[in-house]
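Worksheet: one structure, shown below.
As the structure is a computational prediction, the values presented were derived from the model and not from experiment. In each ligand, atom 1 is the first atom listed, and ligand 1 is the first ligand listed.
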Amino acid sequence: MITLLLLVLVWGVLAYRRASLQRFTLFSAVLLLAGTFWGEVGAASWLVFAVVAGVLNLLPLRISLLSTPMFRVYKGIMPEMSTTEREAIEAGTTWWEAELFRGKPNWQTLHNYPRPQLSAEEQAFIDGPVDEVCRMTNDWEVTHELADLSPEVWAYLKEHKFFAMIIEKQYGGLEFSAYAQSRVLQKLCGTSAVLASTVGVPNSLGPGELLQHYGTPEQKDYYLPRLAAGEDIPCFALTGPEAGSDAGAIPDTGVIVMGDWQGEQVLGMRLNWNKRYITLAPIATVLGLAFKLHDPDGLLGDKPHLGITCALIPTDLPGITIGRRHLPLNVPFQNGPTQGKDVFVPLSFIIGGPDMAGQGWRMLTECLSVGRGITLPSTGTAGTRLSALASGAYSRIRRQFRMPIGKMEGIEAPLARLGGNAYLSDAASMLTVTGIDLGEKPSVISAIVKYHLTHRSQQSLIDAMDIHGGKGICLGPNNYLARGYQGAPIAITVEGANILTRSMIIYGQGAIRCHPYVLKEMLSVQEPDAQKALAQFDAAVFSHLGFAISNKVRSFWLGLTNARFSSTPVSDATAPYYRQMNRLSANLSFLSDVAMATLGGELKRKERLSARLGDVLSQLYLVSATLKRFNDEGRPEALLPLVHWACQDGLYQAQMALVELLDNFPSPIIGKLLKVLIMPWGAPFVPPSDRLDHKVARSLQTSGPVRDALAQGLYLSAEEGNPLGMLEQAFIDIQQAEPIFNKIVDVLGRRPFTGLDALGVEALSADIIMKEEADLLARAEVSRLRTINVDDFAPIDLAANKEQFSNALYNKNAAPSTKRPAKN
Ligand SMILES: Cc1cc2nc3c(=O)[nH]c(=O)nc-3n(C[C@H](O)[C@H](O)[C@H](O)COP(=O)(O)OP(=O)(O)OC[C@H]3O[C@@H](n4cnc5c(N)ncnc54)[C@H](O)[C@@H]3O)c2cc1C
């Protein structure tokens with residue numbers, strides 16, 4: 001009995017610590033020897049041990065008795081993997097998220113990643129041309145009057161190589177780090193979403209990126225300097241009316257034929273396409289085009305259908321229609337459709353040359369894993385940070401019921417969400433670009449941040465709008481919120497619409513890429529050499545079994561002890577978060593294996609289950625990014641409320657995803673059993689408390705380290721045309737005015753916080769305050785009124801067709817009255 005108990009205990013410890021099979025065998029043998037010595041273990045037990053240990057440890061025996069039949073079953077149930085799926089799965093690399101997925105994250109690894117930093121050149125660019133273009137841009141003019149950036153801004157962007165941040169220096173580009181690109185985009189986004197997307201798109205997935213990775217030397221030498229100098233404007237056209245999310249289904253074609261090119265007969269492609277939603281298309285001079293290439297006459301080889309191919313097409317060729325615009329949600333960056341009818345180009349127009357025919361999907365998925373981690377997460381983060389800062393300032397300035405609205409508990413709740421999400425989003429964006437700058441192409445992480453940071457940005461803008469009331473609703477040059485609010489669905493939709501990203505991509509790719517053995521098992525099926533295939537499968541599947549057992553033991557033990565004894569790299573107030581993430585990480589890993597084992601290929605179709613598993617992975621990533629940022633910043637005490645809020649919210653959301661997963665598990669019995677196993681004492685986490693919300697909300701309404709951390713690197717200069725900068729100035733003015741106001745009120749009695757200028761004059765003449773204080777009150781009153789007032793317009797200014805409006809007005813006034821004369 002004692003031997004058995006000891007065996008279970010030792011196996012538990014070994015499994016928890018992920019010991020090897022040899023160690024299991026050795027420790028079991030030692031315990032059995034001790035048991036024999038105590039007289040508890042007889043020949044029968046030794047026989048069982050010898051058989052089990054022999055089969056498991058002797059490879060030929062294990063393969064023939066266990067792995068061969070298992071492999072047969074596995075091959076039967078594994079769904080076929082198409083080339084497209086395989087390319088998507090294999091695209092990119094895994095990084096920190098793989099640690100989180102595997103149940104035992106090494107926190108020191110996280111802390112050791114370098115803190116992202118700007119080079120002197122990058123910093124100078126941000127302080128120089130970026131500030132200048134922010135100064136030059138007036139978002140109301142862009143969105144309402146011109147429906148475009150001004151010609152001066154376009155010229156400035158080209159001259160200062162804003163479209164060449166990713167292009168290498170040898171081609172005349174800026175060759176900035178991913179971190180620098182992210183900071184540039186965040187700053188631009190605070191001034192104008194049109195400005196940020198116009199700059200973001202050429203620096204993301206598109207001709208520049210594709211050429212640098214796959215272009216032939218001739219293509220690079222020709223196009224990259226032209227793109228860097230702004231002589232060519234690129235766009236990338238994949239989407240069409242029939243193929244949005246399912247981009248692999250594009251009906252656009254290229255057929256290999258002989259044709260006339262500049263007076264000579266050459267081998268080329270006859271292209272036909274119908275694309276829509278293409279950013280920069282209306283003004284593009286070169287179109288990165290994705291289409292399906294066919295070779296029916298075998299002119300290139302023996303494959304009649306070569307697959308998705310990407311080519312660079314000058315937009316002035318005959319047969320191309322381009323120039324019309326869509327109007328995306330009153331955020332009128334250049335975006336529109338394009339069609340091509342029997343456009344002939346030589347094969348050399350394929351990006352990478354004829355050898356890359358049919359490689360388009362791989363190229364796109366590989367490049368997407370980088371671009372998707374930078375542009376949209378950065379602009380989303382900027383939206384969240386600015387919403388938080390603006391709402392904090394406005395809540396302090398705007399008074400109702402004789403007090404700042406930010407003091408009301410109802411307003412504290414959205415304010416706290418804004419503060420916590422702003423800190424977390426910036427942290428996640430920073431960690432992601434750190435990975436990219438380390439050379440990773442983190443496809444799973446980029447999907448996580450694309451989804452979560454754009455989603456949180458949209459939610460933050462809704463919170464900010466609610467806090468601002470009518471001030472947020474009335475459009476005009478002084479409205480700093482509404483265009484962001486209107487445009488938020490754009491970021492949600494592009495580069496993989498969010499519902500799809502959450503339901504299919506994060507966990508779909510994550511489970512296969514981050515799991516240490518699943519991909520190896522899947523690939524073993526495709527190995528043509530039967531012996532090799534079996535050996536690969538055997539190694540993967542037995543390691544997998546050990547891994548799954550370990551995660552189960554870890555999940556149970558960490559749940560039983562509430563992770564109290566698990567390791568953390570720190571011993572301060574954030575230590576519990578590391579411990580609880582050890583627990584959630586083990587849960588995720590264990591439940592993944594259970595879900596895959598019980599559902600197999602069906603899991604792919606059970607989108608709501610895989611979305612919830614993806615949610616757990618995502619929250620772990622976001623919380624770990626928060627802790628990493630806090631550590632990088634030197635663990636400043638003043639930022640702890642934001643860190644606590646972000647971590648508690650993240651852990652709570654991860655827990656709710658687990659609860660929903662288990663409550664909806666296809667087998668309710670398995671779901672219930674799993675719940676008892678991983679949460680033996682019930683669900684452990686609660687959302688941030690009202691008290692914590694209060695702290696975060698208060699810190700957003702006070703100048704100090706919290707606001708400084710959230711405002712870092714944003715364009716908040718107080719100048720006409722930058723309403724956010726003016727709001728920031730008003731916020732400072734009001735804070736300075738408050739103690740003077742209180743001094744006056746102490747003497748003169750209670751007053752409303754209005755007419756501060758007149759109050760200042762009265763108090764000055766009563767010798768209650770000094771001249772400078774009266775001046776300050778006068779300035780604060782101007783700021784206050786500017787903050788609470790909204791724009792209004794002459795009716796004609798709002799009419800898009802002013803001529804028709806004037807005619808209608810004229811006719812109305814000139815028309816004979818239809819009113820009946822009043823009776824006496
Ligand atoms: C302003 C703007 C700019 C763009 N710029 C470009 C560009 O420059 N180049 C380019 O090629 N494309 C561009 N796009 C296209 C963009 O990538 C697509 O809009 C996007 O892929 C979604 O396609 P769709 O709009 O047709 O939506 P649909 O594919 O019709 O999707 C509708 C909804 O169904 C959901 N859905 C679809 N499949 C699934 C699934 N399997 N599981 C769960 N939910 C699912 C989606 O998440 C979405 O919510 C742009 C789009 C817009 C609006």
Minimum-distance protein heavy atom relative to [atom]:
atom	answer
atom 52 (C) of ligand 1	V494 CG1, 3.5 Å
atom 16 (C) of ligand 1	T239 OG1, 3.9 Å
atom 46 (C) of ligand 1	A497 CB, 3.7 Å

Practice task
State, with a plain yes or no, whether a side-chain heavy atom of V201 is found less than 4.5 Å away from one of F333.
Solution key: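 SC-SC contact between V201 and F333 ruled out.
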Option with minimal heavy-atom separation from [atom], where the choices are [options]:
atom	options	answer
atom 40 (C) of ligand 1	K275, E607, R608, Q334	E607
atom 21 (O) of ligand 1	G244, G336, G288	G244
atom 4 (C) of ligand 1	F236, Y277, F333	Y277
atom 39 (C) of ligand 1	T279, L500, I499, T493	L500

Knowing that exactly one of E97, Q653, H452 qualifies, which makes a side chain to side chain donor-acceptor pair (under 3.5 Å) with S618?
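Going through E97, Q653, H452 one by one, the side chain to side chain donor-acceptor pair (under 3.5 Å) with S618 is satisfied by H452 alone.
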Looking only at heavy atoms, the pair that brings V142 and S192 closest together is CG1-OG, 4.5 Å
Do [X] and [Y] pair up side chain to side chain, a donor and an acceptor below 3.5 Å, judged on atom types alone?
X	Y	value
T381	S425	no
D342	N272	yes
Y214	E366	yes
Q186	S378	no

So for N335 against ligand 1, with non-hydrogen atoms under 4.0 Å, the contacting part is side chain
inquiry  = Whether R483 and D139 form a salt bridge (side-chain N of Lys/Arg under 4.0 Å from carboxylate O of Asp/Glu) is what I want to check.
reply    = no
| said: Using a strict threshold of under 4.0 Å (side-chain N to carboxylate O), is an ion pair present between K158 and D232? | reply: no
- prompt: salt bridge (Lys or Arg N to Asp or Glu O under 4.0 Å): which pairs involve residues 441-466, sequence neighbours left out?
  reply: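 Those involving residues 441-466 are R417-D463, R456-D649.
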Is [atom] close to the protein, meaning a heavy atom under 4.0 Å from it?
atom	result
atom 6 (C) of ligand 1	yes
atom 43 (C) of ligand 1	yes
atom 33 (C) of ligand 1	no

Enumerated ligand 1 atoms positioned under 4.0 Å from heavy atoms of [X]:
X	result
I278	7 (C), 8 (O), 9 (N), 10 (C), 11 (O)
E495	17 (O)
M504	40 (C), 41 (N)
L238	10 (C), 11 (O)
I490	1 (C)

Checklist entry - Please walk me through it: do S592 and Y507 pass side chain to side chain donor-acceptor pair (under 3.5 Å)? => result CA-CA 10 Å; S592 277; Y507 185 75; 2.7 Å; yes
| message | Checking the N or O distance criterion of under 3.5 Å, is ligand 1 in contact with S245? | response |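 Yes, S245 has an N/O under 3.5 Å of an N/O on ligand 1.
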